[in-house]
Protein chains: 2
Amino acid sequence: MVAIETLDAPMRLAAQPLYAKVREALVGRLISGAWKPGQMLPSEFAIADELGVSQGTVRKALDEMTNEGLLIRRQGRGTFVSEAEDKSILFRFYRLTSNNGQGTDQSFPESKYLSRSLQTANAEEKALFSLEVGAQVWHFERLRSENGQPILVEQLILPQNRFPDLDEQKDLPNNVYRFYGAQYGIIVARVEEKLRAITAPAHVSEHLGLESNAPVLEIDRRAFALDGSIVEWRVSLCQSDTMHYRNELK
Amino acid sequence: MVAIETLDAPMRLAAQPLYAKVREALVGRLISGAWKPGQMLPSEFAIADELGVSQGTVRKALDEMTNEGLLIRRQGRGTFVSEAEDKSILFRFYRLTSNNGQGTDQSFPESKYLSRSLQTANAEEKALFSLEVGAQVWHFERLRSENGQPILVEQLILPQNRFPDLDEQKDLPNNVYRFYGAQYGIIVARVEEKLRAITAPAHVSEHLGLESNAPVLEIDRRAFALDGSIVEWRVSLCQSDTMHYRNELK
DNA sequence: AAGTGGTCTAGACCACCGC
DNA sequence: CGGTGGTCTAGACCACTTA
């Protein structure tokens, strides 16, 4: 019954429903790292007892978090913090598909790193990541391929303050979101993307084996952590000959 | 208590939960047209009594349908079949934004129809709409602009059997999904899109005021009705100079 | 004041998993 | 078998809208 103060704490202008407070408390444990990816959560009744609410209220909070992709629930097993390795999660943020793909033959591309550097953030990067003057950002460029076929060239930009010690790493792994979680406790909760068609720059069309002036799909992505801050800026240039970006709107 | 048979009817191999049967029954009323867009549904308790289940079970079904965008619930007012006019619905399937847009200045583009024709379906169209040999399809081409600025040229393809009497219409309205609902009782439940970057065909770059060979964003969309059938095939070619396609993944 | 959706509870039972 | 999530119920109370 101690933790009931935790739930009463917020006391916003517009009173939140109880399940929203429960959700905030649980998300807080993910942010703080008290619950790590892959870990099993206490049972619904255990959480309910601890927070002094009913099991149904806890369930509503857990269901919401499951819908957001933060948790995975398995009947008979338990509730787990979702990992970027889970099959269903791997493709959560990966929307590129081969044109003749059947939908089931989804594969995940490998990465070859082309460059890596630590730079002083420019104005745009400072604003994006809310950095101080003089703060630094990592730039990575990589070529991603599927079955030997080059698909896209992309640039990853990470704020140095959220990713210290990166210089000690030889390269980033292929699945970077899993790496962010495992190494830095950063869980990517959602991403915003802007898509445009542009003419491929020379070095990109070379890497992708396209004629110069070939059109490519530009995907400008900002990845948000659980606390709402931007942790990665990514610009991908994807060849459109054999690949497309799929989307479903409901 | 009569309608309990309706709910028992399915009896699938994998027994569905009760709320899923309730959902099916309610969606059936939308499909049949018994409940039309904009109409108010009976209260939770009224539906629960009629179907012989508890109010909580009905609520779970209604909540799901609300999440899918089929219904709109307003506290104190009631539950309504969603209309394509609702502000929140208007932009549900429209993801194009001006590059310098602030996100709040969302506006909806006007349409100018360029052509209209009734043709015998080709092999691809026959397969897509599950048509018989010799069946016909409507082709519409229109230019969409925002504040006088041309944004995209798109082609709409509709199966004649789902849209009879269209020849009597001078043109389709701007908001076609609202029209499908009001005129034919067809509710678009979801759409699948494939995005690619291509070089604009000559007549498209002319309409959009682009140089020849300019890259444009191709959006290939199939719209699905409540019963899962495809009711519209749409290919939009959008200029990428001032516009982009925004997407959020969770 | 009456009617609607929104929240919360308590308890029952089922389905699935792993030991 | 015991523990987990999944479903379903019945009832209470709150918040909002309309008349």
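By convention in this document, chain letters (A, B, ...) are assigned in the order of the sequence lines, proteins followed by strands, and residues within each chain are numbered from 1. Computed from a predicted model, the values in this text were never measured in an experiment. Atoms considered below: every heavy atom in the structure, side chains included; atoms not considered: hydrogens, waters and symmetry mates.
In this structure, Gln75(A) atom CD and dC13(C) atom P are separated by 18 Å, rounded to whole Å. Distance CZ (Arg74(A)) to P (dG18(C)): 9 Å, rounded to an integer number of Å. dT7(C) atom P lies 14 Å from atom CZ of Arg23(A), rounded to whole Å. Between the C1' atom of dC8(C) and the CD atom of Glu44(A) lies a distance of 15 Å, rounded to the nearest Å. A straight line from CG of Leu62(B) to P of dT7(C) spans 14 Å, rounded to a whole angstrom. One atom, CG of Asp49(A), and another, C1' of dA10(C), lie 13 Å apart when rounded to the nearest Å. Residue Asp63(B) contributes atom CG, which lies 15 Å from atom C1' of dT7(D) at whole-angstrom precision. Rounding to whole angstrom units, CZ of residue Phe45(A) and C1' of dG2(D) are separated by 14 Å.
The side chain of Gln55(B) lies closest to dG11(D), out of dG5(D), dG11(D), dA15(D). Listed candidates were dC8(D), dT7(C), dA15(C). Nearest to the side chain of Pro17(A) is dT7(C). For Leu18(B), whose side chain is taken as the heavy atoms from C-beta onward, the closest listed nucleotide among dT9(C), dC8(D), dT4(D) is dC8(D). The Arg77(B) side chain lies nearest to dT18(D) when the options are dT18(D), dA10(D), dG5(C). Nearest nucleotide to the Ser54(A) side chain, out of dG5(D), dC8(C), dG5(C): dC8(C).
Close to dT9(C), at under 4.0 Å from its OP1 or OP2, lies a side-chain N or O of Thr57(A). A close approach under 4.0 Å does occur between a side-chain nitrogen or oxygen of Arg73(A) and OP1 or OP2 of dG6(D). Under 4.0 angstrom from either OP1 or OP2 of dG5(C) there lies at least one side-chain N or O belonging to Thr79(B). The side chain of Lys60(B) places an N or O atom within less than 4.0 Å of a non-bridging phosphate oxygen (OP1 or OP2) of dT7(D).
Side-chain contact of Ser229(A) with Arg162(A): a donor-acceptor pair under 3.5 Å is present, judged by distance alone.
Judged by distance alone, with hydrogens and angles left aside, Arg59(B) brings a side-chain donor or acceptor within reach of the base of dG6(C), the pair sitting under 3.5 Å.
Looking at Glu44(B) and Arg59(B), a side-chain N of the basic residue comes within less than 4.0 Å of a carboxylate O on the acidic one, giving a salt bridge.
Tyr19(A) comes within 4.0 angstrom of the backbone, heavy atoms only, and of no base.
Judged by the 6.0 Å and 45° rule, Arg144(A) forms a cation-pi pair with Phe108(A). A cation-pi arrangement is found for Arg74(A) relative to Phe80(A), the charged atom lying closer than 6.0 Å to the ring centre and inside a 45° cone about the ring normal.
Between Tyr245(A) and Tyr245(B), the ring center distance fails the sub-6.0 Å criterion.
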